[in-house]
Participant: 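Mind looking over this structure? Questions follow.
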Amino acid sequence: MTLDGSNAVQLLLLVAGITLVPALLFCVTGFTRILIVLGFIRTGLGTPTAPPNQVLIGIAFFLTVFVMAPTLKEVKSEAIDPLVQGRITQAEALERGEKPLREFMFKQTRTKDLALFVKLAKLERPRTRADVPTWVLIPAFIISELKTAFQIGFLIFLPFLIIDLVVASTLMSMGMIMLPPVFISLPFKILLFVLVDGWNLVTRSLVESF
């Protein structure tokens, strides 16, 4: 079996596309926000290895799939299915598949962040969303996601911080300076998180934030 020039180019593009999948996962979906918030939970609880990184990444991945399902369905129906059926070209499929992702990113991107990258790119002020290039939209979307993730993480961190402060103040008033407060506060933080059904609350808040 031999490969002609066009097939060889398509194979090369396929391999290159596969290597870009992790970057796309981080850059054009809600994966970054979800993973950072889950990391804040683990840090706030004071359990650096529980849940382990593999579990957090797995949770973040499937929550991302859940959040992105409507967008991915639209990409499939508008771009992938017509391409497989031979009704459109690869260039048309790429253009059609880009639109739902751009709409998702625009909804999550702050105007201030978008304006920053438009200015850094030295572009004319866009009149419509269509005038904003995707290579400008993606970094604006990323820093917007980072800001949102840290805002949510801050709110999650506050209750755990209060418990640490109360435990530390109590130990100091009792003269137990040599006892690390984390040994006492850790069970209380885990108990609080379990009693309020923390995973349920965080998951619901994350999904509803999109």
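Nothing here was measured: the structure is a model prediction, and the numbers come from that model.
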Participant: Same cluster or not: Val166 versus Phe193, using hydrophobic residues (I, L, V, M, F, W, Y) connected whenever any side-chain heavy atoms lie under 4.5 Å apart?
Facilitator: no
Participant: Do Phe106 and Val132 make a side-chain contact, defined as non-hydrogen atoms from C-beta onward lying under 4.5 Å apart?
Facilitator: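 Of all side-chain heavy-atom pairs linking Val132 with Phe106, at least one is under 4.5 Å.
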Participant: For the CD1 atom of Ile143 and the CG atom of Leu116, what is their distance to the nearest 0.5 Å?
Facilitator: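 Result: 5.5 Å between the selected atoms.
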Participant: Ile156, Val55: one ILVMFWY side-chain cluster at the under-4.5 Å cut-off?
Facilitator: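 In one cluster: yes.
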Participant: Find out whether Phe150 and Val37 are in side-chain contact, i.e. whether some heavy atom of one side chain is under 4.5 Å from a heavy atom of the other.
Facilitator: no
Participant: Check step by step if side chain to side chain contact (heavy atoms under 4.5 Å, CB included) holds for Phe117 and Ile138.
Facilitator: CA-CA 10 Å; Phe117 282 94; Ile138 290 177; over 6 Å; no
Participant: Has the side chain of Thr109 got a donor or acceptor atom that lies under 3.5 Å from a matching backbone atom of Ala140?
Facilitator: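 Not a single qualifying donor-acceptor pair exists.
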Participant: Drop me the distance from Thr29's OG1 to Leu72's CG, to the nearest 0.5 angstrom.
Facilitator: 8.5 Å
Participant: Please examine the side chains of Arg96 and Val75, heavy atoms only from C-beta on, and report whether any two atoms are closer than 4.5 Å.
Facilitator: no
Participant: From Phe188 CZ over to Leu195 CG, what is the distance, rounded to the nearest 0.5 angstrom?
Facilitator: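 Nearest 0.5 Å value for the CZ-CG distance: 11.5 Å.
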Participant: Check whether Leu120 and Met105 end up in the same hydrophobic cluster, where Ile, Leu, Val, Met, Phe, Trp and Tyr are linked by side-chain heavy atoms less than 4.5 Å apart.
Facilitator: yes
Participant: Any idea which heavy atoms bring Phe31 and Ala60 closest together, and the distance?
Facilitator: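 It is CE1-CB, 3.7 Å.
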Participant: Under 6.0 Å from the six-membered ring centre of Phe210 and within 45° of its axis: does the NZ or CZ of Arg33 meet both?
Facilitator: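 Yes, a cation-pi geometry.
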Participant: Would you check if the distance from the ring center of Phe154 to the ring center of Phe40 is below 6.0 Å?
Facilitator: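 No; Phe40 has its ring centre 6.0 Å or more from that of Phe154.
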Participant: Check the pair Val67 / Leu206 against side chain to side chain contact (heavy atoms under 4.5 Å, CB included), numbers first and verdict last.
Facilitator: CA-CA 9 Å; Val67 169; Leu206 273 173; over 6 Å; no
Participant: Same cluster for Phe62 and Trp199 if Ile/Leu/Val/Met/Phe/Trp/Tyr side chains link at under 4.5 Å?
Facilitator: yes
Participant: How close do Leu56 and Leu38 get, heavy atom to heavy atom, and via which atoms?
Facilitator: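 What the structure gives for the nearest pair is O-CD1, 3.7 Å.
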Participant: Using atom types as modelled and distance alone, determine if a side-chain donor or acceptor of Thr47 lies under 3.5 Å from a backbone N or O of Thr49.
Facilitator: no
Participant: Indicate, with yes or no, if Val65 and Ile36 share a hydrophobic cluster defined by side-chain heavy-atom contacts under 4.5 Å among Ile, Leu, Val, Met, Phe, Trp and Tyr.
Facilitator: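 The answer is yes; both residues are in one hydrophobic cluster.
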Participant: Check Ile163, Leu45, Ile162 against Leu192 for a side chain to side chain contact (heavy atoms under 4.5 Å, CB included) and give me the one that passes.
Facilitator: Ile163
Participant: Kindly determine whether Ile142 and Cys27 satisfy side chain to side chain contact (heavy atoms under 4.5 Å, CB included), including the steps that lead there.
Facilitator: CA-CA 6 Å; Ile142 293 173; Cys27 296; 3.8 Å; yes
Participant: Within the 4.5 Å heavy-atom criterion, are Pro126 and Val136 side-chain neighbours or not?
Facilitator: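 No, their side chains stay 4.5 Å or more apart.
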Participant: Check this for me, if you would: do Asp113 and Lys147 make a salt bridge, where the nitrogen-to-carboxylate-oxygen distance has to be below 4.0 angstrom?
Facilitator: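 No, this pair does not count.
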Participant: Passes side chain to side chain contact (heavy atoms under 4.5 Å, CB included), Glu124 versus Val118? Steps please.
Facilitator: CA-CA 8 Å; Glu124 294 183 1; Val118 169; over 6 Å; no
Participant: I'd like to know if the side chain of Ser77 and the backbone of Glu74 have a donor-acceptor N/O pair within less than 3.5 Å.
Facilitator: yes
Participant: For a 4.5 angstrom cut-off between non-hydrogen side-chain atoms, does Leu137 reach Arg102?
Facilitator: yes
Participant: Please tell me whether Thr148 and Gln108 have a donor and an acceptor in their side chains that are separated by less than 3.5 angstrom.
Facilitator: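 Not at all, the side chains of Thr148 and Gln108 share no donor-acceptor pair under 3.5 Å.
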Participant: Looking at CD of Glu78 and NZ of Lys73, how far apart are the two atoms once the value is rounded to the nearest 0.5 Å?
Facilitator: 14.0 Å
Participant: Once you round to the nearest 0.5 Å, how far does CD1 of Ile41 lie from CZ of Phe160?
Facilitator: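 Ile41 CD1 to Phe160 CZ: 7.0 Å, rounded to 0.5 Å.
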Participant: Tell me whether Glu95 at atom CD has more than 12 heavy atoms from other residues, nucleotides or ligands lying less than 6.0 Å away.
Facilitator: no
Participant: Could you state the interatomic distance from CG (Leu63) to CG (Leu35), rounded to the nearest 0.5 Å?
Facilitator: 10.5 Å
